[in-house]
Amino acid sequence: MDNQEVAEKFDELADLLAIQGESSFRVNAYRRAAETIRGLGRDLGEITQAGELQKIPGVGQAIAEKIEQLLATGKMQALERVRKEVPPGLLELLQVPGVGPKRAALLWKELRISNLSKLEKAARAGKLRDLRGLGPGVEKNILAGIEALARRTGRIPIGTAWPLAQELLERLRQQPGVRAAEPAGSLRRRKETVGDLDLLAASPDPEKVLAFFTQDPLVTHVLAQGQTKASVELKGGIRAQLWVHPPERFGTALQYATGSKEHNVRLRERALDLGLSLSEHALTRKSGKEILCATEAEVYERLKLPWIAPELREDRGEIEAALAGKLPSLLELSQMTADLHVHTTWSDGHASILEMAEAARDLGLKVLAITDHSQSLGVANGLTPARLREQRKEIQKVQRQLGDSILLLQGSEVEVRADGALDYPDEVLAELDLVIAAVHSSLRQPREQITGRMLRAIRNPYVHLVAHPSGRLIPDREPADLDMEAVLHEAAEQNVTLEIDANPARLDLDDAHARRAAELGCLLAINTDAHSPPEFALREYGVGVARRAWLTRQEVVTAWPRRKVEGWLKRRRSRSR
DNA sequence: GCCGTTTTCGGCCCGACTGTTTTCAGTCG
């Protein structure tokens, strides 16, 4: 059972107990534990064996025992018990906007409603309005909620959400009176997927801005429009909401809307410790006097903290680090110097070596590795050793054409075969400047097999880098069942660098594993895996993952100066002699 | 259920909104 599954069990336990009317503090303790477990980047099994479960924040004796039980038996007694007491269908009721634990319990107790379809039937029959605390309004909202649920699109990949948000924000910024317009929520924190687009604007005249927003060409429906907030549906069913705050309160507003919820809870506790109350409108002294913050930096300053980058705001230790003066100096897009994984028309790319090299140079990159597919990947027109040698000549030709402005490397994205052997013999690998090992097939092998296969590839002395290690595709393909902790340890041991594939459909490694990799001493490389020049722009999503993983320039090979990258290539190679 | 250089017991974040109410409960973010 992996971390994700354990987290889901605790979330379920929390939901069920909430329906039972259990103390919200206890319920929250389970939810917090679930959230922390999701962000660990290290297998709970490992942590259990090391006897370190209770070192996880929010995990005490009781939760530690439940985790151990889950890992050992696949079940948790406490959960099994409440599952018997609460009809399982009640959990899906919680998905309906307007139905929380209290109402779910009421619906069950009074009307024996135990699943969504029964709820819908009862609502249509007008039976909900007679319940205590409910009325025709709630009934109508619940029906609307059920319909919204039915046409709900899943989470939106950041690669879709970010450009849409930028387009909306750009138009807002051009409106007179709009002093600032920024993304907020998980979008600003650069999560790999977002639920909706949270946008924030500063203006002394909110209603005018909101009216403009609801008229945007991207908007298909206006779901709600008040004095400070509007909620709309965009093409493709994506939801967006805009809050407009007065400029002098924009700092607290942006801080609040950026979240995460967990980070904000910690921040408000911090405020209370300092005799202040923090809300989206202001910091308030006990006397009732407000302290207004126009910028986020002022909010953090008033709380006697350095400004914390949005990507870190997940309550994964950033507050403690800030207090200790140990926040990392996060990697920035402008620091990127290299891309070590791109394709050309030699395999399945859409542009020539020259076109890719010029595009990279124009973006200011100093090193570019041409890494077309290896021979066994027939569908992608993989290169035989003979074609590989021809390609080398062309790369050299382009290098002469472009001169010193950018260093071109000949690499290859070499298939790791089902048994862990690489797709070229050693003498061919030895001719390459850069060898990337990558798994594209047999991704559903059992854990032991695919882990062993990956470890064998990492131990190959010619391998510099492992591409998109988990093989996942968002949202279509789950990651391979890898023992990632073993993979990261071996990579650290063998001095093999791990990729953060910047394509928003991959973002692989993910943030949690990238952070763990760095903790273990691995180096990382942010590559675009570009198949055409415009895809170099995807770098920023890889940088987002790296920042969420607390990475600094030092840990990211593709942010190093050219000389240092060359040294890195040789250092690995010297091990192979 | 967790947590503690104020505490091993008694706390545990904030406000808007909605619909139901005559002062508040529930939900949401």
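Here is how names work: the chains are called A, B, and so on, in the same order as the sequence lines, proteins then strands, and each is numbered from 1. The figures that follow rest on heavy atoms only: side chains count, while hydrogens, waters and symmetry mates do not.
Rounded to whole Å, the separation between the C1' atoms of dT20(B) and dG26(B) comes to 10 Å. For the C1' atom pair drawn from dC12(B) and dT7(B), the interatomic distance equals 13 Å after rounding to whole Å. Comparing the P positions of dC17(B) and dC13(B) gives a spacing of 22 Å, expressed to the nearest Å. Remark: the separation of the P atoms in dT6(B) and dC2(B) is 23 Å, to the nearest Å. Only the C1' atoms considered, dT8(B) is 9 Å distant from dC3(B), to the nearest whole Å. Here the separation of dT23(B) from dG11(B), taken at their P atoms, is 28 Å to the nearest Å.
The salt bridge (charged side-chain N to carboxylate O under 4.0 Å, His left out) contacts involving residues 210-232 of chain A comprise R171(A)-D216(A), where partners must be two or more places apart or lie in separate chains. The salt bridge (charged side-chain N to carboxylate O under 4.0 Å, His left out) analysis of residues 46-64 of chain A, with sequence neighbours excluded, yields the pairs R42(A)-E52(A), E52(A)-K55(A). Within the structure, the salt bridge (charged side-chain N to carboxylate O under 4.0 Å, His left out) test picks out no pair touching residues 91-114 of chain A (sequence neighbours left out).
The side chain to side chain donor-acceptor pair (under 3.5 Å) test applied to E68(A) returns no partner, not counting sequence neighbours.
Counting any heavy atom pair closer than 4.0 Å across all strands shown, K66(A) reaches sugar-phosphate atoms only and no base atom. The residue V99(A) sits close only to the backbone: its heavy atoms come under 4.0 Å of sugar-phosphate atoms, none of a base. Within the nucleic acid shown, K261(A) comes within 4.0 Å of at least one base atom, counting heavy atoms only. Looking at heavy-atom distances under 4.0 Å, L267(A) makes no contact with the nucleic acid at all. Using a 4.0 Å heavy-atom criterion, one finds that V265(A) contacts the bases of the nucleic acid, with or without backbone contacts as well. Y30(A) comes within 4.0 angstrom of sugar-phosphate atoms only, judged by non-hydrogen atoms across all strands, and of no base.
A salt bridge between D511(A) and R316(A) is present, with a side-chain N of the basic residue lying under 4.0 Å from a carboxylate O of the acidic one.
Base pairing of dT8(B): no nucleotide in any strand meets the Watson-Crick or G-U wobble criterion (both distances under 3.5 Å).
Checking L134(A) against N264(A), the closest nucleotide of DNA chain B that is more toward the 5' end is the one next to N264(A). Comparing L276(A) and P136(A), the nucleotide of DNA chain B nearest to each residue sits closer to the 5' end for L276(A).
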Side-chain atoms of residues 302-312 of chain A: list all donor-acceptor pairs with protein atoms under 3.5 Å, sequence neighbours left out, distances to 0.1 Å.
unit_1, atom_1, unit_2, atom_2, d
W307(A), NE1, E296(A), OE1, 2.9
E311(A), OE1, R547(A), NH2, 3.4
E311(A), OE2, R547(A), NE, 2.7

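With no hydrogens or angles considered, a side-chain donor-acceptor pair links T552(A) and E555(A) at under 3.5 Å.
The footprint of chain A on DNA chain B, defined by a heavy-atom cutoff below 4.0 Å, extends from dG1(B) to dG29(B).
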